[in-house]
Enquirer: 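The structure is given below, and queries will be raised subsequently.
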Amino acid sequence: QVQLVESGGGLVQPGGSLRLSCAASLSIFSIYDMGWYRQAPGKQRDLVASITKSGSTDYADSVKGRFTISRDNAKNTVYLQMNSLKPEDTAVYYCNAASFLRLEFYWGQGTQVTVSS
């Protein structure tokens with residue numbers, strides 16, 4: 001019923017840019033906190049960036065100044081603009097939607113980002 005569909009991943013050279021998109025089928029998108037997580041092989045899934053329903057953003061230290069999370073409530077979409085990409089950014093990136101009031105949590109299927117020469 002609820003779907004989060006990520007897109008925009010791919011292969012990019014170090015220093016390049018990508019913009020990830022997450023389209024959500026949530027009935028009331030604006031009430032959900034949204035986030036981007038990533039998971040590299042052999043590692044846990046970590047928060048990269050988040051944006052609350054009120055617009056407050058947070059970033060992992062490793063991506064501050066390079067990544068920007070944003071949301072467009074009219075389009076039910078959250079974005080992750082990724083600039084100055086590094087090989088260590090290589091991972092599967094997952095979109096997450098969370099409503100702590102409703103106790104509802106959803107994940108997308110993930111999109112692969114590979115940063116390599």
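As the structure is a prediction and not an experimental result, all values here were calculated from the model. In this chain, residues are counted from 1 in sequence order.
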Enquirer: Do Gln44 and Gln39 pair up side chain to side chain, a donor and an acceptor below 3.5 Å, judged on atom types alone?
Expert: no

Enquirer: Which heavy atom of Val48 sits nearest to which heavy atom of Val63, and what is that distance?
Expert: O-CG2, 3.6 Å

Enquirer: Tell me whether Glu88 at atom CD has more than 12 heavy atoms from other residues, nucleotides or ligands lying less than 6.0 Å away.
Expert: yes

Enquirer: What are the two closest non-hydrogen atoms of Cys95 and Val78, and how far apart are they?
Expert: SG-CG1, 3.7 Å

Enquirer: Could you check whether Thr114 and Ser116, counting side-chain N and O atoms only, form a donor-acceptor pair closer than 3.5 Å?
Expert: no

Enquirer: With rounding to the nearest 0.5 Å, note down the distance linking CG in Asp33 to CZ in Phe100.
Expert: 6.5 Å

Enquirer: Locate the shortest heavy-atom distance separating Lys53 from Ile31; write the atom from each residue and the value.
Expert: CD-O, 3.4 Å

Enquirer: Kindly give the heavy-atom pair with the smallest separation between Phe105 and Ala98, and that separation in Å.
Expert: CD2-CB, 3.6 Å

Enquirer: How far does CZ of Arg45 sit from OH of Tyr93, to the nearest 0.5 angstrom?
Expert: 13.0 Å

Enquirer: Please answer: with hydrophobic residues joined when any side-chain heavy atoms are less than 4.5 Å apart, are Ile51 and Met82 in the same cluster?
Expert: yes

Enquirer: For residues Met34 and Val113: do they belong to one hydrophobic cluster (side chain heavy atoms under 4.5 Å, members Ile, Leu, Val, Met, Phe, Trp, Tyr)?
Expert: yes

Enquirer: So, for Ala91 and Ala40, which heavy atoms are closest and what is the spacing to 0.1 Å?
Expert: CB-N, 3.9 Å

Enquirer: Within the side chain of Glu6, is there an N or O that forms a donor-acceptor pair under 3.5 Å with the backbone of Gln109?
Expert: yes

Enquirer: With rounding to the nearest 0.5 Å, note down the distance linking CZ in Phe67 to OG1 in Thr57.
Expert: 14.5 Å

Enquirer: Is Lys86 paired with Asp89 through a side-chain N to carboxylate O contact shorter than 4.0 Å?
Expert: no

Enquirer: Can a side-chain donor-acceptor contact be found between Glu104 and Tyr32 if the only test is distance below 3.5 angstrom?
Expert: yes

Enquirer: Could you tell me which residues satisfy side-chain hydrogen bond (donor to acceptor under 3.5 Å, both in side chains) with Ser62, sequence neighbours excluded, listed by chain and number?
Expert: Arg38

Enquirer: Under 4.5 Å between any side-chain heavy atoms of Thr111 and Val92, yes or no?
Expert: no

Enquirer: Can you tell me how far CH2 of Trp36 sits from CG of Leu80, rounded to the nearest 0.5 angstrom?
Expert: 6.5 Å

Enquirer: Under the 3.5 angstrom rule, does the side chain of Asn96 hit a backbone N or O of Tyr37 as a donor-acceptor pair?
Expert: no

Enquirer: Using side chain to side chain contact (heavy atoms under 4.5 Å, CB included), reason through Lys75 and Phe29 one step at a time and then give a plain yes or no.
Expert: CA-CA 9 Å; Lys75 297 182 178 179; Phe29 179 79; over 6 Å; no

Enquirer: Of all heavy-atom pairs between Leu26 and Ala97, which one has the smallest distance, and what is that distance?
Expert: CD1-CB, 3.6 Å

Enquirer: Would you check if the side chain of Ser54 reaches a backbone N or O of Thr52 as a donor-acceptor pair within less than 3.5 Å?
Expert: no

Enquirer: Just how far is it from atom CD1 of Ile69 to atom OH of Tyr59, taken to the nearest 0.5 Å?
Expert: 6.5 Å

Enquirer: Check the hydrophobic clustering (I, L, V, M, F, W, Y; side-chain heavy atoms under 4.5 Å; chains of links allowed) and say if Leu20 and Tyr106 are grouped together.
Expert: yes

Enquirer: Atom SG in Cys22, atom OH in Tyr79: separation rounded to 0.5 Å?
Expert: 10.5 Å

Enquirer: Do Leu47 and Trp107 belong together in a cluster built from hydrophobic side chains that touch within less than 4.5 Å?
Expert: yes

Enquirer: Suppose the criterion is side-chain hydrogen bond (donor to acceptor under 3.5 Å, both in side chains): which pairs have a residue in residues 16-31, not counting sequence neighbours?
Expert: Ser17-Asn83

